[in-house]
Amino acid sequence: MKILAFAARQDEITWFNKYSKKFNLDVTLEQKPLSPETVFLAKGYDSVTFIGSCTVDEVVLKKLKSYGIDYIASRSTGYDNIDLNCAKELGIKVSNSSYSPYSVAEFTLMTAMMMLRNIPATLKNIEHKNFSLKNLIGREIRSQKVGVIGTGKIGKIVIKLFQSMGADVVAYDLYESDENIKYVSLEKLLSECDVITLHAPLTSENKYLINEKSISKMKDGVILINTARGELIKLSDLLEGLNNKKVLAAALDTFEGESEIVHKDCSLTGYNHEILKKLLDMKNVLITSHQAFYTEEAVSDMVESALSNLIEFNETGDAQNNLIKI
Ligand SMILES: NC(=O)c1ccc[n+]([C@@H]2O[C@H](COP(=O)([O-])OP(=O)(O)OC[C@H]3O[C@@H](n4cnc5c(N)ncnc54)[C@H](O)[C@@H]3O)[C@@H](O)[C@H]2O)c1
């Protein structure tokens, strides 16, 4: 099978070499992302693989179909970049990837601890030779009530990690899938938790789940963590919440309007994102570059999972991570 891998990064090469040999596949690596402008590169291939920052819209899907491509595989977990309805109509099967949920879960715990111990403020102070303890007093995890929104693969591990450190953890999900989890209503979670962390996918129903209204229901001094998808939080409302001290601190691995910024070196070009500039000036905000997934274990899993899904589609017409069944 001839596969074109769009948006292939340097760090994926080892794994593409390993798994294309293991599965006997002919994989060509392409640095450019899949988009309406680059989709023509897929002509002549049996399938393509891509990542969450690629645009897999109607234009792209129709072109792929016209090249005879009937199944495609994302190497990411999130699939809000793919027009699944259109894929279904065209009869194109689509899979996402399953990979180590510990990558994102550990990152979530780490950023929560950093916010609880004022590490972003400490680093900024020390950069300016200020070694005082002023305003740096922290809180211990065992005395926190943590609210987890979304209890899928990542949310479940996040719950275990926080519980293992003594936190009181409650959760909210549209589907209560695990009887060992203390589920509460969204309202209760918002109003009672010291730390709230997001682990739901972005859908048309939950865009701006965290907005002015939901922030107003939160406990004063709440800490917000987002390692899921940027558009779950309305960034201007979060900025307002930070300014008026309703929100004590925020750690954002993903943020609204990130697509032209994350995973890019903007040191020479700069970037156009006024709210981000304001957030980056704040001592109680931690911005990272959509990197919670980024571990050796997860990158290996992402490549292996995407390629094995394509083999399954080819051989059986279905795959373990087929999204079209949903
Ligand atoms: N920052 C990163 O690097 C990174 C990496 C991987 C995944 N992610 C994000 O994390 C999300 C979760 O990943 P996962 O593997 O745990 O997904 P998953 O599909 O296993 O679980 C998602 C859970 O969210 C629940 N959910 C859906 N809509 C909801 C809503 N409105 N309110 C509450 N719960 C809701 C679902 O019922 C499900 O239980 C992904 O969709 C992706 O957007 C981010």
Side-chain angles (χ1 to χ4, degrees), residues 7 9 11-12 51-54 74-82 84 94-112 147-161 170-190 193 196-211 214 224-234 250-256 258-259 261-263 286-303 305-306 320-323 325-326:
R9 295 185 311 268
D11 55 87
E12 291 180 301
I51 59 174
S53 56
C54 295
S74 176
R75 306 194 292 286
S76 299
T77 308
Y79 45 84
D80 47 282
N81 59 318
I82 311 167
L84 287 182
V94 185
S95 60
N96 66 343
S97 252
S98 50
Y99 57 86
S100 162
Y102 284 88
S103 57
V104 180
E106 287 179 9
F107 196 92
T108 303
L109 179 70
M110 176 191 73
T111 54
V148 176
I149 299 182
T151 59
K153 291 180 285 299
I154 294 169
K156 282 196 177 85
I157 306 290
V158 168
I159 292 171
K160 269 196 202 150
L161 293 179
V170 294
Y172 167 73
D173 196 300
L174 299 179
Y175 309 99
E176 300 190 0
S177 61
D178 188 328
E179 57 191 31
N180 297 314
I181 294 174
K182 220 195 282 176
Y183 285 104
V184 294
S185 68
L186 182 58
E187 303 276 312
K188 199 167 159 64
L189 184 149
L190 294 176
C193 290
I196 297 177
T197 178
L198 305 179
H199 301 287
L202 176 67
T203 64
S204 47
E205 284 83 43
N206 67 14
K207 186 176 178 191
Y208 296 155
L209 180 73
I210 305 301
N211 56 26
S214 45
L224 281 178
I225 314 286
N226 189 5
T227 56
R229 278 294 178 271
E231 279 76 8
L232 290 172
I233 300 183
K234 188 164 185 204
L252 309 176
D253 185 51
T254 59
F255 50 88
E256 187 182 7
E258 70 178 30
S259 63
I261 298 169
V262 297
H263 303 180
L286 175 69
I287 301 288
T288 47
S289 191
H290 201 141
Q291 66 195 75
F293 75 97
Y294 199 44
T295 64
E296 289 180 7
E297 294 85 344
V299 173
S300 166
D301 290 350
M302 289 162 96
V303 172
S305 165
Q320 201 193 349
N321 301 104
N322 186 358
L323 289 166
K325 284 184 291 203
I326 301 170

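We count ligands from 1, going down the list as the structure has it; atoms in each ligand are counted the same way. We count residues from 1, following the sequence as given. Just so you know, these numbers use all the heavy atoms, side chains as well, and skip hydrogens, waters and symmetry mates.
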For ligand 1, which atoms have a heavy atom of [X] less than 4.0 angstrom away?
X    : value
A292 : 1 (N), 2 (C), 3 (O)
G150 : 24 (O), 34 (N)
D253 : 1 (N), 2 (C), 3 (O)
Y175 : 37 (O)

[atom]: nearest protein contact (heavy atom, Å):
atom                    : answer
atom 5 (C) of ligand 1  : Y99 OH, 3.1 Å
atom 21 (O) of ligand 1 : G152 CA, 3.1 Å
atom 3 (O) of ligand 1  : F293 N, 3.1 Å
atom 27 (C) of ligand 1 : P201 CD, 3.4 Å
atom 12 (C) of ligand 1 : H199 O, 3.3 Å
atom 32 (N) of ligand 1 : Y172 CE2, 3.5 Å
atom 42 (C) of ligand 1 : R229 NH1, 3.7 Å
atom 35 (C) of ligand 1 : A200 CB, 3.6 Å

Do T77 and Y99 make a side-chain contact, defined as non-hydrogen atoms from C-beta onward lying under 4.5 Å apart? yes
Do the non-hydrogen side-chain atoms of S289 and H263 ever get within less than 4.5 Å of each other? yes
Heavy-atom pairs closer than 4.0 Å: do any link ligand 1 to the side chain of [X], the backbone, both, or neither?
X    : value
I154 : both
V104 : side chain
K153 : both

Between the side chains of S74 and N96, does any donor sit under 3.5 Å from an acceptor? no
Could you name the option among N206, D173, L252 that has the heavy atom nearest to atom 38 (C) of ligand 1? D173
In chain order, what residues pass the ring-ring contact (aromatic ring centres under 6.0 Å, His included) check against Y172, with sequence neighbours excluded?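 Scan of Y172 (ring-ring contact (aromatic ring centres under 6.0 Å, His included), adjacent residues dropped) gives none.
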Yes or no on side-chain contact (heavy atoms from CB on, under 4.5 Å) for L198 and I210, after CA distance, side-chain angles and deciding distance? CA-CA 10 Å; L198 305 179; I210 305 301; 4.1 Å; yes
Nearest heavy-atom pair of Y79 and L84: which atoms, and what distance? CD1-CD1, 3.7 Å
Looking at ligand 1, would [X] count as a contact under a 4.0 Å heavy-atom criterion?
X    : answer
A228 : yes
T203 : no
L174 : yes

Got a sec: does the OH of Y208 have more than 12 other heavy atoms crowding it under 6.0 Å?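 Buried by this count: over 12 neighbours within 6.0 Å.
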If you count every heavy atom of other residues, nucleotides or ligands that lies below 6.0 Å from K156 atom NZ, does the total exceed 12?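 Buried by this count: over 12 neighbours within 6.0 Å.
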